[in-house]
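Chain identifiers are assigned alphabetically (A, B, ...) following the order of the sequence lines, protein sequences preceding nucleic acid strands; residue numbering begins at 1 within each chain.
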2 protein chains.
Amino acid sequence: MTSTIKDVAKRARVAIGTVSRVINDHPDVDPALRERVEKAIRELQYRPNARARRFVQNASPVLSFILSNRSVLSPFHSAILQGVEEYCAETGYFVMFTQYDYSPDTPPSDLRLPGVLQSHGIADCLILAGTNYENFITAVEELGVHYVALSNHLVTSTPRAPFDQVGWDDDAGPYEATRYLITLGHKHIWYIGDTSLHWYKLRYSAYERAMTECGLETLGQTVGLADNYYANGYACTEMILDHGYPMTAIFAAYDEIAFGAWDALRKHNLEVPRDISLVGYGDDDAAQFKMPGLTTLRVEKARVGRELARMAIEKIRRPDNRIPQIIVPVSLIKRGTTRPVSVTISSS
Amino acid sequence: MTSTIKDVAKRARVAIGTVSRVINDHPDVDPALRERVEKAIRELQYRPNARARRFVQNASPVLSFILSNRSVLSPFHSAILQGVEEYCAETGYFVMFTQYDYSPDTPPSDLRLPGVLQSHGIADCLILAGTNYENFITAVEELGVHYVALSNHLVTSTPRAPFDQVGWDDDAGPYEATRYLITLGHKHIWYIGDTSLHWYKLRYSAYERAMTECGLETLGQTVGLADNYYANGYACTEMILDHGYPMTAIFAAYDEIAFGAWDALRKHNLEVPRDISLVGYGDDDAAQFKMPGLTTLRVEKARVGRELARMAIEKIRRPDNRIPQIIVPVSLIKRGTTRPVSVTISSS
DNA sequence: GGCCTTTCATGAAATGTTTCACAGCCAAAA
DNA sequence: TTTTGGCTGTGAAACATTTCATGAAAGGCC
């Protein structure tokens with residue numbers, strides 16, 4: 001069968017404690033002995049038994065990435081997960097991927113919790129991604145399980161204290177994007193994005209602030225007209241065009257919405273950016289590859305993932321330490337879908 | 001601290017063996033005792049220690065999903081991963097997500113293996129997804145670690161025996177799609193897709209067979225003109241149009257390629273499907289939401305994931321049993337981007 | 001009542017590792 | 001020479017659970 005530390009010790013004619021010290025890179029081992037032990041390890045093809053090690057240390061280098069209430073693992077969350085894995089691989093941790101759907105209305109004690117919480121000792125810290133609500137957080141806390149959360153998609157009745165969370169800036173980015181469009185001379189800038197979700201409302205508020213500050217009228221299509229991003233962008237844009245509302249630019253609250261809007265514009269023989277400027281949000285891969293590339297707000301998802309992992313591991317090391325929230329900045333990526341309003345430029 | 005099985009036994013005034021039987025739903029426990037034990041468990045908020053359990057059983061209900069040689073977790077692989085997780089959650093297993101990049105040219109013994117293979121006992125079976133080569137498979141086999149693999153993206157010099165793999169049909173689908181376009185009266189059907197990857201070559205061969213069988217000329221743009229799907233579809237389509245080659249339909253080897261082609265067509269004032277019919281491959285979410293919806297070949301990725309998980313678990317149960325390969329069928333989804341060739345229909 | 005069978009609780013053994021108190025050895029200091 | 005102190009190797013204890021041989025109690029049959 002597979003060899004154990006005992007076999008190695010016997011073959012190297014040392015005590016198991018010595019073998020353990022060699023494996024774990026402890027100092028205070030005679031070089032000659034270390035050599036002998038390493039030779040024995042090679043010869044026996046010994047690999048440490050992770051199960052025994054975890055058991056005796058009462059710790060597992062495992063983070064559980066929980067994707068809550070999302071039927072699809074979107075490019076956005078995929079990239080976050082990849083960031084988490086990347087950091088974990090660098091630091092010797094492992095990532096467990098779990099999907100978990102629940103209703104915000106179930107009392108914490110009635111929640112059918114994901115398997116990772118039913119036993120204890122499977123993962124040492126949770127990363128709560130996806131959309132989460134108070135009841136699940138409460139249940140996790142009652143179990144005394146460590147966790148860190150993605151702050152942007154956290155839906156709570158009262159604002160949470162800014163600890164043990166990682167997020168990105170849902171205000172500064174949209175504000176900057178709107179200002180940018182205004183700078184380009186646009187006045188009829190439409191916001192498209194269902195604001196029933198509070199992170200879209202934040203983006204809308206930033207847009208609204210920028211518009212109001214410049215004395216411009218807010219033009220928001222904040223009610224969803226379809227149940228997916230693309231179709232919603234498409235339908236909202238068609239609706240605006242059909243009504244003949246003035247419009248020279250669109251700020252879409254998500255890249256996929258922008259793509260829908262774009263196709264609707266093309267359908268109406270409007271060209272981007274010649275006729276309409278278009279700004280998205282997220283900078284998914286597709287945004288940079290489009291012809292022309294989509295001007296959008298880049299959220300560094302991999303960075304968000306890395307920070308989540310880093311925070312989770314820090315949490316394991318010092319469980320009682322509340323770690324201040326980390327906000328990953330969002331940057332405006334100017335590509336080919338935005339340009340100055342022709343009339344404004346030529347008449348000025 | 002957290003309570004152990006011993007605490008429960010003491011409180012319920014039974015032996016630990018009895019508590020163990022209650023926890024693990026063994027029969028042969030007196031109902032009265034079972035009740036008493038369950039009460040004690042509730043009162044102490046006892047949760048079994050997964051680490052101790054795994055240690056003593058020398059088994060972990062964990063599968064490791066390895067995404068090899070992919071810088072992005074594409075919607076395609078995301079959906080497979082979700083299928084894996086879904087099945088695992090149903091059967092009490094957990095999924096570890098690992099990314100692993102390696103060169104096909106490194107000898108097996110020189111590979112810097114992912115952490116999950118450095119110890120033993122972290123995961124009981126691997127699911128090899130992404131693009132994999134012989135050297136890594138060999139290394140895994142030499143370690144004696146169980147695995148199942150996604151067959152479509154397996155690149156080996158000699159064909160692998162059809163065991164312990166799950167895949168989808170890369171031939172029948174493309175063949176059917178091409179036949180469908182031919183049935184619609186199309187004669188100038190272009191294949192777009194870089195065939196340097198062998199799974200694209202399979203799709204091309206099926207297209208070629210269908211065309212040849214009907215006495216039609218194969219029109220393949222099989223050399224990549226850009227380094228991502230969308231841009232490649234865009235560039236290839238522009239190239240075809242710029243040369244003035246006759247074309248009434250495009251079969252794109254992947255949905256994203258189709259989207260690029262579509263945008264290039266629009267750029268040239270060609271409308272889909274009025275002027276050009278378009279068929280994709282994959283049926284990513286975006287395909288169904290487009291206006292009009294993209295006619296494409298649906299690969300049931302969640303199903304692929306579920307079968308991979310099922311096979312992996314079966315592999316753990318009976319390690320020496322070679323499990324015949326599973327091929328998940330691919331189906332043609334007819335949406336709005338395909339229609340009969342006008343001229344052909346009217347003149348016949 | 002005596003004997004046999006069935007049912008079910010008991011508690012010790014076993015699992016592979018880390019940890020730690022202790023001991024042995026050697027060099028330097030007294 | 002003896003004592004002290006610093007290294008470094010040793011091996012038993014501890015970890016929480018499952019498993020299993022053992023045995024007690026209960027029930028059935030003559």
Side-chain angles (χ1 to χ4, degrees), chain A residues 1-41 44-62 92 118-124 144 316, chain B residues 1-41 44-62 92 115 118-124 144:
Chain A
M1 259 326 279
T2 50
S3 44
T4 73
I5 201 172
K6 233 182 238 170
D7 303 323
V8 175
K10 202 176 297 172
R11 177 171 262 259
R13 300 185 313 281
V14 297
I16 51 174
T18 307
V19 179
S20 177
R21 297 225 300 277
V22 170
I23 294 167
N24 295 291
D25 271 335
H26 281 224
D28 302 345
V29 178
D30 186 273
L33 271 199
R34 161 163 273 139
E35 183 53 47
R36 227 160 72 207
V37 170
E38 278 168 349
K39 181 154 166 283
I41 287 176
L44 291 171
Q45 299 197 51
Y46 167 77
R47 285 183 303 155
N49 182 324
R51 285 188 276 258
R53 180 178 273 179
R54 289 175 182 186
F55 168 55
V56 70
Q57 294 189 330
N58 199 28
S60 322
V62 175
Q118 279 164 25
S119 294
H120 104 279
I122 293 175
D124 280 358
I316 294 168
Chain B
M1 256 330 279
T2 50
S3 44
T4 72
I5 200 172
K6 232 181 238 170
D7 303 323
V8 174
K10 202 175 294 173
R11 178 171 259 259
R13 301 187 311 284
V14 297
I16 53 176
T18 307
V19 178
S20 177
R21 297 225 301 279
V22 169
I23 295 167
N24 295 291
D25 271 336
H26 281 221
D28 302 345
V29 178
D30 187 274
L33 271 199
R34 161 163 271 136
E35 182 54 45
R36 229 162 69 207
V37 170
E38 279 168 348
K39 182 154 164 284
I41 287 175
L44 291 171
Q45 299 197 50
Y46 167 77
R47 284 184 305 153
N49 182 323
R51 283 187 277 259
R53 181 177 271 181
R54 289 176 182 187
F55 169 55
V56 71
Q57 294 190 330
N58 198 28
S60 322
V62 175
Q118 279 164 26
S119 293
H120 102 278
I122 292 173
D124 280 358

Any chance you could measure Thr18(B), atom OG1, to Arg13(B), atom CZ, to the nearest 0.5 Å?
12.5 Å
What one should report as the nearest heavy-atom pair of Ser119(A) and Arg47(B) is O-NH1, 3.1 Å
Nucleotide N/O of nucleotides 9-13 of chain D paired with protein N/O under 3.5 Å:
residue	atom	partner	partner atom	Å
dG9(D)	OP1	Asp30(A)	N	3.0
dG9(D)	OP2	Asp28(A)	O	3.2
dG9(D)	OP2	Asp30(A)	N	3.4
dT10(D)	OP2	Ala15(A)	N	2.7
dT10(D)	OP2	Thr18(A)	OG1	3.0

Considering residues, nucleotides and ligands other than Gln45(A), do more than 12 of their heavy atoms fall under 6.0 Å from its CD?
no
Check this for me: does any side-chain nitrogen of one of Arg51(B) and Asp124(A) sit under 4.0 Å from a carboxylate oxygen of the other?
yes
Rounded to the nearest 0.5 angstrom, the CD1-CG distance for Ile5(A) and Leu44(A) is 12.0 Å
Working note: Asn58(A) + Asn49(B), criterion side chain to side chain contact (heavy atoms under 4.5 Å, CB included); need CA distance, chi angles, decisive distance, verdict.
CA-CA 9 Å; Asn58(A) 199 28; Asn49(B) 182 323; 4.0 Å; yes
By a strict heavy-atom criterion of less than 4.0 Å, which residues belonging to residues 45-57 of chain A are in contact with DNA chain C?
Tyr46(A), Pro48(A), Asn49(A), Ala52(A), Arg53(A), Phe55(A), Val56(A), Gln57(A)
Mind checking if Ser20(B) touches a base, just sugar-phosphate, or nothing, with heavy atoms under 4.0 Å?
base
Do Arg21(B) and Leu33(B) have side chains that get closer than 4.5 Å, going by heavy atoms?
no
Scanning both residues in full, the closest heavy-atom pair of Asp7(A) with Thr2(A) reads OD2-O, 4.5 Å
Taking OP1 and OP2 of dT18(D), is either one under 4.0 Å from a side-chain nitrogen or oxygen of Asn24(B)?
yes
Which nucleotide span of DNA chain C, 5' end to 3' end, has atoms closer than 4.0 Å to non-hydrogen atoms of chain B?
dC8(C) to dG16(C)
Over all atoms of both residues, closest heavy-atom pair of Gly121(A) and Ser60(A)
O-OG, 3.1 Å
Going by an N to O cut-off under 4.0 Å, is there a salt bridge joining Arg36(A) and Asp30(A)?
no
